[in-house]
Amino acid sequence: MTTLLLLAHPDLEASRVNRALLKGLQSLSDLEIADLYALYPDNRIDPQAEIDRLLRADRLVLQFPLFWYSTPPLLKLWEDVVLTPMFYQEPDLGISTAGLPVLAATTTGGPSASYHPESRIGLTIDDLFASLKATTRRCGWHWQSPFAVHDVRNLDDRSLAKAVDDYRSTIVSFVTLSRISTAA
Ligand SMILES: Cc1cc2nc3c(=O)[nH]c(=O)nc-3n(C[C@H](O)[C@H](O)[C@H](O)COP(=O)(O)O)c2cc1C
């Protein structure tokens, strides 16, 4: 039962929060981490390799820093390159992934109050990820409530350690989820 974590951080070496979150998951078994920017520094995603990786997965985690209220571009490119053949051009390819639980995990510069219906942008993180949620549902997968770490520039070491623990706990319970049957 493999959980695939797609990491999309264009500068992981300079990252404080995503790197720490990832390190906190190190000892978990059956977790395959695919660092998209390390795998594809030239942005040329190998469609077959990534389709095969996804077909091996029982669950999917999408981890990324929030960039302009969205994902970094390589994760969007992954959707285009991997999901288009699987669910549009050759829809039979994607059938075996039905029911895949999907968890988006993000980090934001803005404080949590910025991601509230009453804030200036007036949207929660779940609202912001509407297109990821729609894609998840279009693929017959199951969207879970996103995990987010906010206000990263003001996160002291103690708060970061707590975020790392919270993320690990979230992933530990996420990996207990099985594919959810879509049969009515
Ligand atoms: C190009 C770019 C766009 C960003 N856009 C947002 C944004 O829309 N909202 C936000 O809260 N933070 C934004 N940030 C801040 C990042 O989310 C923050 O730097 C990142 O989560 C830090 O994670 P790290 O320590 O793993 O690098 C942006 C940062 C960059 C570089």
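Indexing begins at 1, ligand by ligand and atom by atom, following the structure's order. Quick note: numbers below take in every heavy atom, side chains included, and nothing from hydrogens, waters or symmetry partners.
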Sequence neighbours left out, what pairs pass ring-ring contact (aromatic ring centres under 6.0 Å, His included) with at least one residue falling in residues 49-71?
F64-F129
Looking at L7, T170, V149, D166, which hits side-chain contact (heavy atoms from CB on, under 4.5 Å) with L21?
V149
Verify the neighbour count for atom CD of E13: are there more than 12 heavy atoms of other residues, nucleotides or ligands below 6.0 Å?
no
Are there any N/O pairs under 3.5 Å between ligand 1 and the protein, and if so, what are their distances?
unit_1: ligand 1; atom_1: 5 (N); unit_2: L66; atom_2: O; d: 3.4
unit_1: ligand 1; atom_1: 5 (N); unit_2: W68; atom_2: N; d: 2.8
unit_1: ligand 1; atom_1: 8 (O); unit_2: W68; atom_2: N; d: 3.1
unit_1: ligand 1; atom_1: 8 (O); unit_2: Y69; atom_2: N; d: 2.9
unit_1: ligand 1; atom_1: 9 (N); unit_2: Y115; atom_2: OH; d: 3.0
unit_1: ligand 1; atom_1: 11 (O); unit_2: G109; atom_2: N; d: 3.1
unit_1: ligand 1; atom_1: 11 (O); unit_2: G110; atom_2: N; d: 2.8
unit_1: ligand 1; atom_1: 11 (O); unit_2: Y115; atom_2: OH; d: 2.6
unit_1: ligand 1; atom_1: 12 (N); unit_2: G109; atom_2: N; d: 3.0
unit_1: ligand 1; atom_1: 14 (N); unit_2: L66; atom_2: O; d: 3.3
unit_1: ligand 1; atom_1: 17 (O); unit_2: L66; atom_2: O; d: 2.8
unit_1: ligand 1; atom_1: 17 (O); unit_2: T107; atom_2: O; d: 3.3
unit_1: ligand 1; atom_1: 21 (O); unit_2: T107; atom_2: O; d: 3.0
unit_1: ligand 1; atom_1: 21 (O); unit_2: T107; atom_2: OG1; d: 2.6
unit_1: ligand 1; atom_1: 23 (O); unit_2: T107; atom_2: OG1; d: 3.4
unit_1: ligand 1; atom_1: 25 (O); unit_2: R16; atom_2: N; d: 3.0
unit_1: ligand 1; atom_1: 25 (O); unit_2: V17; atom_2: N; d: 2.9
unit_1: ligand 1; atom_1: 26 (O); unit_2: H9; atom_2: NE2; d: 3.3
unit_1: ligand 1; atom_1: 26 (O); unit_2: S15; atom_2: OG; d: 2.7
unit_1: ligand 1; atom_1: 26 (O); unit_2: N18; atom_2: N; d: 2.8
unit_1: ligand 1; atom_1: 26 (O); unit_2: N18; atom_2: ND2; d: 2.8
unit_1: ligand 1; atom_1: 27 (O); unit_2: H9; atom_2: NE2; d: 2.8

Check for a donor-acceptor pair, side chain of S114 on one end and backbone N or O of G110 on the other, with a separation under 3.5 Å.
no
List in chain and number order the residues that pass side chain to side chain donor-acceptor pair (under 3.5 Å) with D42, two or more places apart in sequence or in another chain; answer none if no residue qualifies.
none
What pairs of residues pass the salt bridge (Lys or Arg N to Asp or Glu O under 4.0 Å) test when at least one of them lies in residues 114-135, not counting sequence neighbours?
D126-K133
